[in-house]
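Atom set for the values below is all heavy atoms of this structure, side chains included, hydrogens, waters and symmetry mates excluded. Residues take their numbers from the sequence shown, with the count starting at 1.
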Amino acid sequence: MTDNIHNNNAHLDQKPTINGHLQDKLVRDSITHNQNITAQVQARQNYETNTTLNTGIDAGVENSKKNDFTQVQDLPTGTPQGQQTTMPNNNTSSNTVDNASAQTQTAKQTLFNQRDDINNPHTPDTDGNEETHFGYKTVNKAEKQARVADVFTSVAKKYDIMNDLMSFGIHRLWKRYAISLSGVRAGQHVLDIAGGTGDLAKVFSREVGKNGHVVLSDINAAMLEVGRERLINAGCNNVDFVLANAETLAPFDDNSFDLVTISFGLRNVTDKDAALKSMYRVLKPGGRLLILEFSKPVFEPLSKAYDLYSFTALPIMGKLIANDSESYQYLAESIRMHPDQQTLKQMMQQAGFENCDYHNLTAGIVAVHRGFKA
């Protein structure tokens with residue numbers, strides 16, 4: 001794995017030497033970067049507040065529009081991203097229907113609004129009292145999405161620095177290795193699901209170049225806002241930011257992307273099988289899916305030490321850094337409830353993916369799963 005990491009140093013902004021001081025350097029760099037971003041966000045918010053006070057309501061409305069996430073109609077035209085302005089209509093009108101009836105039917109079609117896509121697909125009407133897990137708790141399916149949203153809204157501003165502290169910076173190496181398996185090339189179209197703060201999307205933006213395109217999607221507006229700030233400040237002008245539900249990926253048409261990735265997000269999805277089928281749908285034939293996610297350690301003594309660390313240190317750090325121990329307790333529990341390596345591979349195969357494999361990192365604490373669409 002070390003050779004792969006050295007060979008793929010170009011995929012990260014910084015290229016530190018892999019030595020005993022790497023983790024300390026990564027944490028220091030993350031803290032500095034997080035402080036810079038926070039200062040930039042605060043400066044922009046102060047500027048917008050002053051502008052609104054000086055110019056009145058109209059200026060405030062205009063600023064609100066500028067700060068909104070990418071609208072479907074604003075996405076680049078002529079690119080195979082498959083954004084649609086209306087939901088598909090599978091009803092075929094009879095030849096006997098007059099023009100007035102046809103117009104009425106068209107008017108009844110639901111116009112697609114990007115924010116509608118985050119609406120929970122699980123309701124008491126669709127799922128009844130069917131239950132699922134939220135960490136170690138058992139909740140109704142209809143409740144899980146809102147609970148997960150609360151967690152990530154709470155941790156969004158401290159998400160990056162907590163990742164560095166919790167993993168001692170190793171998460172950057174995991175992501176670097178996943179990128180090395182992506183096979184991404186100039187001119188391609190990439191969808192990063194649950195991309196949050198944009199670590200992978202930022203790299204893909206450079207790799208696909210000016211003729212390619214990246215969509216950073218997330219179900220959580222707070223996380224997506226942090227990612228947008230980072231990538232805009234980094235000059236990534238070939239990235240769009242779209243609120244989307246991983247279970248449906250409704251904004252995106254079939255056969256739209258060369259690469260689909262989801263990093264540390266699949267375990268939070270209510271219906272993972274539905275999400276995998278949607279990922280398969282939006283991939284082009286020959287396209288590749290990469291899933292980077294926590295998994296099951298293959299070394300039993302490490303597994304016990306990992307559990308001890310997860311359920312003691314993580315909530316304490318969450319309380320000290322993010323003032324939120326409960327969210328990090330959930331994150332630790334959600335890792336244990338996620339399917340193990342072989343089970344997830346089988347789920348990918350059942351969704352239609354071929355040539356599926358996985359690569360254990362850090363003795364299986366994390367795994368990269370890979371699959372292809374025929």
Side-chain angles (χ1 to χ4, degrees), residues 131-139 141 143-145 147-156 158-175 177-178 193-197 199-200 218-220 223 246-247 261-273 275-276 290-319 321-322 324-348 358-369:
E131 294 180 330
T132 187
H133 60 83
F134 176 75
Y136 287 164
K137 298 177 182 178
T138 299
V139 300
K141 272 191 172 182
E143 299 177 14
K144 180 171 180 177
Q145 181 170 305
R147 288 174 177 261
V148 171
D150 288 342
V151 168
F152 284 94
T153 298
S154 174
V155 305
K158 301 290 185 179
Y159 186 77
D160 286 329
I161 190 172
M162 282 297 295
N163 277 349
D164 278 327
L165 294 175
M166 290 187 301
S167 71
F168 305 102
I170 300 176
H171 77 100
R172 294 174 180 266
L173 306 183
W174 295 333
K175 291 172 181 176
Y177 184 76
I193 302 170
T197 56
D199 282 352
L200 270 64
D218 202 289
I219 197 172
N220 186 274
M223 292 289 289
E247 291 187 38
T261 62
I262 181 168
S263 174
F264 301 114
L266 185 60
R267 73 182 187 279
N268 299 306
V269 175
T270 303
D271 189 338
K272 297 175 180 61
D273 290 316
L276 289 170
L290 279 182
I291 302 173
L292 175 63
E293 188 55 270
F294 291 105
S295 199
K296 182 176 177 59
V298 296
F299 184 53
E300 188 60 27
L302 175 62
S303 180
K304 293 180 179 179
Y306 179 48
D307 283 344
L308 180 63
Y309 169 75
S310 298
F311 289 104
T312 56
L314 294 193
I316 292 174
M317 284 192 290
K319 179 63 176 178
I321 305 299
D324 186 351
S325 60
E326 291 185 1
S327 291
Y328 286 93
Q329 177 75 23
Y330 159 74
L331 293 176
E333 294 175 359
S334 69
I335 293 170
R336 277 42 180 205
M337 299 302 293
H338 186 66
D340 62 20
Q341 290 90 325
Q342 189 61 34
T343 301
L344 181 54
K345 177 182 176 181
Q346 293 172 352
M347 293 169 64
M348 293 172 64
Y358 61 85
H359 303 259
N360 285 323
L361 306 179
T362 316
I365 288 178
V366 166
V368 182
H369 282 70

- Rounded to the nearest 0.5 angstrom, the CD1-CD distance for I316 and Q329 is 10.5 Å
- Y328 side chain to A313 main-chain N or O, any donor-acceptor pair under 3.5 Å? no
- Message: Quick one, H369 with K345, criterion side chain to side chain contact (heavy atoms under 4.5 Å, CB included). Give me CA distance, side-chain angles, the key distance, then yes/no.
- Response: CA-CA 7 Å; H369 282 70; K345 177 182 176 181; 4.2 Å; yes
- Item | V148 vs T270 side-chain heavy atoms within contact, under 4.5 Å | no
- Atom pair CZ (R147) and OG1 (T132), whose distance is rounded to the nearest 0.5 Å: 11.5 Å
- Is E293 reaching over with its side chain to a backbone N or O of G265, donor-acceptor style, under 3.5 angstrom? yes
- Message: Can you confirm whether Y330 sits close enough to K137 that some side-chain heavy atom of one is under 4.5 Å from a side-chain heavy atom of the other?
- Response: no
- Is any side-chain heavy atom of L314 less than 4.5 Å from a side-chain heavy atom of L331? no
Donor-acceptor pairs are to be reported for all side-chain atoms of residues 294-304 against protein atoms at under 3.5 Å, with residues two or more places apart or in another chain.
{"from": "S295", "atom 1": "OG", "to": "Q341", "atom 2": "OE1", "distance (Å)": "2.9"}
{"from": "S295", "atom 1": "OG", "to": "Q341", "atom 2": "NE2", "distance (Å)": "3.4"}

- Message: Apply side chain to side chain contact (heavy atoms under 4.5 Å, CB included) to residues I335 and Y306 and explain how you reach the verdict.
- Response: CA-CA 11 Å; I335 293 170; Y306 179 48; 3.9 Å; yes
- Query: Can you find a heavy atom in the side chain of T261 that is under 4.5 Å from one in the side chain of L292?
  - Reply: no
- Considering residues, nucleotides and ligands other than E326, do more than 12 of their heavy atoms fall under 6.0 Å from its CD? no
- Might you point out which heavy atoms bring G196 and D218 nearest each other, and give the distance in Å? N-OD2, 2.9 Å
- Would you list the pairs meeting salt bridge (Lys or Arg N to Asp or Glu O under 4.0 Å) in which at least one residue belongs to residues 331-344, sequence neighbours left out? D307-R336
- Task: Starting at CG of D271, measure out to NZ of K144 and round the result to the nearest 0.5 Å.
- Result: 10.0 Å
- Side chains of K272 and H338: closer than 4.5 Å at any heavy-atom pair? yes
- Query: Of all heavy-atom pairs between N360 and A367, which one has the smallest distance, and what is that distance?
  - Reply: OD1-CB, 3.9 Å
- Query: Side chains of L344 and L266: does their closest heavy-atom pair fall under 4.5 Å?
  - Reply: yes
- Supply the atom-to-atom distance M317 CE to T312 OG1, rounded to the nearest 0.5 angstrom. 8.5 Å
- Task: Carefully, step by step, assess Y177 and V368 under the rule side chain to side chain contact (heavy atoms under 4.5 Å, CB included).
- Result: CA-CA 9 Å; Y177 184 76; V368 182; 4.3 Å; yes
- Does a side-chain N-to-carboxylate-O contact under 4.0 Å join R172 and D164? yes
- Task: To the nearest 0.5 Å, tell me how far I291 CD1 sits from I193 CD1.
- Result: 9.0 Å
- Query: Quick one: CG on L200 to CG on L290, what's the gap to the nearest 0.5 Å?
  - Reply: 8.5 Å
- Contact check, side chains of M223 and T197, non-hydrogen atoms, under 4.5 Å: yes
